[in-house]
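Only a predicted model underlies this, so the values are computations on that prediction, with no experimental measurement involved. Numbering of ligands and ligand atoms starts at 1, following listing order.
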Amino acid sequence: MSLFWWLVTGAVAVLIVAKYISHRRNPLNKFPGPLFCAISDIPYAYHSMVGDHPRWIAALHDKYGPVVHIAPKELAFITDSSIRDIYGYRKGHQVFTKSGAYDAAAFTAQTRSVVNERDPVEHARMRKMLAPAFSDRSLREQWPLVTRVCDTFMAEIGKHARDRRTVDLAKYFSLLTFDVITNLALGESFGSIESGKVHPWQTFFMNGARAMGDAIVVLRFPVLKNLLIALQPPQMRAMIKELKMHEAFTVELVRKRQESQIDRPDIIGRILQRQEVEETEFSNVFIAAQLSDVVIAGTDTTATALDSANYFLMKSPEAMQKLRDEIRGRFKRYEDITPATTADLPYLNAVIEEGLRLFSPVAWPPSRIVPPGGDTVDGHFLPGGTWVSTGYYAAPHSASNFKDPYEFHPERWLSNNPTDNLDASQPFGVGTRACIGKQLALTEIRLIMAKLHYKYDIEAVDKNFDWVGNAVFRLLWDKPALMVTVREREVVSV
Ligand code: HEM
């Protein structure tokens with residue numbers, strides 16, 4: 001063997017011994033899980049890269065129980081009490097801050113933003129700045145904007161029905177939620193629905209989110225990270241170029257709006273007003289970073305919720321019929337369907353909850369750090385610095401929380417339910433870092449569902465297609481087409 005191979009073999013041997021020693025000393029070793037996960041981040045990274053991460057975590061819980069050692073310094077949980085311990089407020093306990101994984105979710109190196117800010121005080125400042133845009137009053141003022149976009153979507157779907165063309169509902173939901181959010185967040189209309197095409201800027205956003213998913217993995221391997229920064233392979237250079245274009249484009253939108261003095265009840269308008277209240281001037285790049293978060297966090301998530309609710313309904317004719325009966329029984333005219341009148345449709349709400357439970361749009365385990373000095377999760381004392389999470393996908397798919405966890409039963413959300421632990425499904429998160437757009441998302445979803453199923457009968461083109469099973473997870477879900485036929489129920493004016 002040459003000297004080179006002796007050196008390589010020696011280096012590998014030293015690495016294995018070092019890993020073994022640190023493994024023996026790791027206090028998390030007492031928790032169950034695969035040995036490879038306990039000594040290396042490789043399994044975590046591998047499942048992130050192949051796109052089955054949420055399913056992998058769920059399978060580990062099925063095998064090892066409610067707490068699993070998923071990476072050397074990281075544990076995953078699935079109980080509702082772990083959700084409260086990790087993400088909620090506990091009197092006398094310190095906050096579990098977001099983990100270093102969130103450093104990957106950076107819009108720019110110049111500033112942090114509401115999603116990736118890890119410091120609780122700074123985050124509270126950002127949340128306060130954004131809160132007025134998501135207040136009940138603000139949302140009420142924004143409904144005409146949302147309703148207009150929803151009606152454009154309905155008219156476009158109607159063209160497919162009249163021409164007897166099939167339609168990719170997943171694509172159209174994505175165009176719809178992008179048009180809604182860019183209208184609200186930035187006061188800009190990109191007309192994606194009318195064009196039937198994904199706007200290049202939406203592609204920037206989606207590519208940006210995927211790049212963040214890859215960066216989350218790379219950050220786990222500091223040597224690899226430094227190597228990539230030093231070598232800058234072509235894909236990375238292209239990605240950085242795209243991120244910079246995205247940044248410049250968003251900052252320019254903010255600049256234009258600052259100068260225009262338009263008074264419009266949208267999210268950017270509320271942020272600009274906030275400057276006057278606080279008597280501070282936020283930089284354009286700071287505002288752009290917050291708005292970019294809102295667009296990334298609010299577009300694909302809402303579209304995924306619409307996709308899954310409709311996919312599962314098309315697989316369950318009985319549930320579909322109950323939903324149609326509820327909506328068509330409640331509304332005499334299409335014009336009567338509004339954000340206010342759709343708030344209290346019990347079956348519709350149950351369908352949405354169940355879709356979110358079965359296919360959580362945020363399916364990545366949102367990790368937090370146990371504070372210095374250590375703290376308990378689910379009754380286990382954990383050393384400070386341990387990364388912990390409750391899987392928004394894994395928890396609702398565990399038979400320890402839900403009966404027949406992989407089956408679509410909206411009824412579980414309707415009446416006293418002794419078999420399911422409904423608190424274990426928290427698709428919008430819990431605590432100070434929970435979703436700021438929850439009310440906006442739910443109202444938008446209810447409005448679209450009610451309008452769609454009032455006016456049209458939709459059916460899957462291929463009734464056996466496993467749409468959920470074919471979705472790949474890369475921070476967001478990469479979803480296959482959801483091909484449907486649409487038939488107009490009756491002549492109703494839009
Ligand atoms: C069905 C749709 C949605 C789901 C399931 C969802 C889910 C979530 C979850 C689970 C979190 C916490 C993530 C974490 O801890 O890492 C979150 C945070 C967030 N969401 Fe949503 N979201 C949805 C729609 C929206 C919409 C429509 C908006 C904005 C218009 C939005 C804006 C945000 C923001 C800004 C955060 C960060 C909050 C913070 O850290 O303070 N989301 N969302």
Side-chain angles (χ1 to χ4, degrees), residues 54 83 86-88 95-99 101-105 107 112-120 122-131 133-134 138-139 142 145-146 173-174 176-186 205 209 212-213 216 266-268 270-271 289-309 352-353 355-369 387-393 395-396 425-449 475-477:
I83 298 178
I86 296 171
Y87 307 98
V95 178
F96 285 36
T97 56
K98 282 191 169 181
S99 76
Y102 286 86
D103 290 342
F107 168 74
R112 286 202 168 248
S113 52
V114 67
V115 169
N116 83 343
E117 178 54 68
R118 292 166 60 199
D119 176 61
E122 273 304 302
H123 169 259
R125 191 172 75 89
M126 292 175 185
R127 192 86 187 200
K128 200 167 151 205
M129 180 191 79
L130 283 172
F134 293 90
S138 259
L139 292 179
Q142 290 169 13
L145 295 174
V146 177
F173 282 146
S174 167
L176 163 75
T177 55
F178 184 70
D179 277 357
V180 167
I181 217 72
T182 46
N183 248 287
L184 291 189
L186 308 157
F205 273 110
M212 286 171 190
I216 286 174
D266 49 24
I267 297 173
I268 185 169
R270 291 275 180 250
I271 295 178
Q290 316 307 323
L291 294 172
S292 169
D293 275 5
V294 167
V295 175
I296 291 184
T299 303
D300 196 69
T301 46
T302 313
T304 300
L306 284 162
D307 296 339
S308 62
I352 296 167
E353 292 273 16
L356 286 167
R357 183 189 73 78
L358 276 168
F359 198 60
S360 178
V362 178
W364 172 71
S367 47
R368 303 289 189 263
I369 306 178
W387 287 24
V388 287
S389 60
T390 309
Y392 293 140
Y393 179 92
S425 179
Q426 296 289 355
F428 292 96
V430 163
T432 52
R433 307 303 299 251
C435 183
I436 199 170
K438 178 176 175 180
Q439 285 320 320
L440 170 60
L442 284 175
T443 314
E444 182 184 345
I445 295 166
R446 285 195 292 256
L447 187 66
I448 273 294
M449 291 292 285
L475 195 58
L476 299 170
W477 288 104

### Query
Evaluating non-hydrogen atoms only, which member of Gln426, Lys98, Arg368 is closest to atom 15 (O) of ligand 1?
Arg368
### Atom indices of ligand 1 within 4.0 angstrom of Pro361 heavy atoms, with elements
5 (C)
### Message
Under 2.8 Å from atom 21 (Fe) of ligand 1, which protein N, O or S atoms do you find? Ignore water molecules.
### Response
Cys435 SG
### Query
About how many Å separate CE of Met212 and CG of Leu476, when rounded to the nearest 0.5 Å?
9.5 Å
### Message
Taking 4.0 Å as the limit for heavy-atom contacts, which would you say applies to Ala434 with ligand 1: side chain only, backbone only, both, or neither?
### Response
backbone
### Summary
Min over Glu444, Met126, His123 of heavy-atom distance to atom 41 (O) of ligand 1 lands on His123
### Ile369 side chain reached by Phe96 side chain, heavy atoms, under 4.5 Å
no
### Summary
protein heavy-atom neighbour closest to atom 7 (C) of ligand 1 works out as Pro427 O, 3.3 Å
### 4.0 Å heavy-atom contact, Thr302 with ligand 1
yes
### Query
Among all protein non-hydrogen atoms, which one is nearest to atom 14 (C) of ligand 1, and what is the separation to 0.1 Å?
Tyr102 OH, 3.3 Å
### Message
Looking only at protein heavy atoms, which one is nearest to atom 38 (C) of ligand 1, and what is the separation?
### Response
Arg127 NH1, 3.4 Å
### Summary
Counting heavy atoms under 4.0 Å, the part of Tyr87 that contacts ligand 1 is neither
### Query
Of all the atoms in ligand 1, which lie at a distance below 4.0 Å from a heavy atom belonging to Tyr392?
10 (C)
### Message
Distance check, rounded to the nearest 0.5 Å: Ile267 atom CD1 versus Phe134 atom CZ?
### Response
4.0 Å
### Query
Considering residues at least two apart in sequence or located in another chain, which fulfil the salt bridge (Lys or Arg N to Asp or Glu O under 4.0 Å) criterion with Asp103?
Arg112, Arg118
#### Entry: 4.0 Å protein heavy-atom contact status of atom 33 (C) of ligand 1, strictly under
yes
### Task
Could you tell me whether ligand 1 has any atom less than 4.0 Å away from a heavy atom of Trp364?
no
### Task
Output the distance between atom CZ (Arg127) and atom CD (Gln290), rounded to the nearest 0.5 Å.
12.0 Å
### Query
Can you check ring pair (Phe, Tyr, Trp, His ring centres under 6.0 Å) on Tyr102 and Trp387, steps first, answer last?
CA-CA 12 Å; Tyr102 286 86; Trp387 287 24; 9.1 Å; no
### Query
Among Val430, Leu442, Val180, Ile181, which residue places a heavy atom closest to atom 30 (C) of ligand 1?
Ile181
### Query
What protein heavy atom sits nearest atom 40 (O) of ligand 1, and how far away is it?
Arg433 NE, 3.0 Å
#### Entry: Ile268 CD1 to Thr182 OG1 distance, which is reported to the nearest 0.5 Å
12.0 Å
### Task
Compute whether any side-chain donor of one residue and acceptor of the other, for Tyr392 and Arg357, lie under 3.5 angstrom apart.
no
### Message
With heavy-atom distances below 4.0 Å as the criterion, list the atoms of ligand 1 near Val115.
### Response
37 (C)
### Query
Does a donor on one side chain sit under 3.5 Å from an acceptor on the other, for Ser138 and Arg270?
yes
### Query
Short list, please: which atoms of ligand 1 are under 4.0 Å from a heavy atom of Leu440?
30 (C)
### Task
Give me the one residue out of Asp300, Leu184, Leu186 that meets side-chain contact (heavy atoms from CB on, under 4.5 Å) with Val295.
Leu186
### Where ligand 1 meets Pro366 - atom numbers and elements under 4.0 angstrom, heavy-atom basis
14 (C), 15 (O), 16 (O)
### Message
Between Leu440 and Leu139, does the side chain to side chain contact (heavy atoms under 4.5 Å, CB included) criterion hold? Intermediate values first, please.
### Response
CA-CA 7 Å; Leu440 170 60; Leu139 292 179; 4.0 Å; yes
### Task
May I ask you to test the Leu442-Phe428 pair for a side-chain heavy-atom distance under 4.5 Å?
yes
### Query
Within a strict 4.5 Å, meaning less than it, do heavy atoms of the Lys98 and Glu117 side chains meet?
no
### Task
Would you tell me whether Thr177 and Thr302 have side-chain atoms, one donor and one acceptor, within less than 3.5 Å of each other?
no
### Task
Measure across Ala363 and Ser360 and return the closest heavy-atom pair with its distance rounded to 0.1 Å.
CB-O, 3.5 Å
## Note on the structure
ligand 1 to Val114, heavy atom cutoff 4.0 Å, flagged ligand atoms 35 (C), 39 (C), 40 (O), 41 (O)
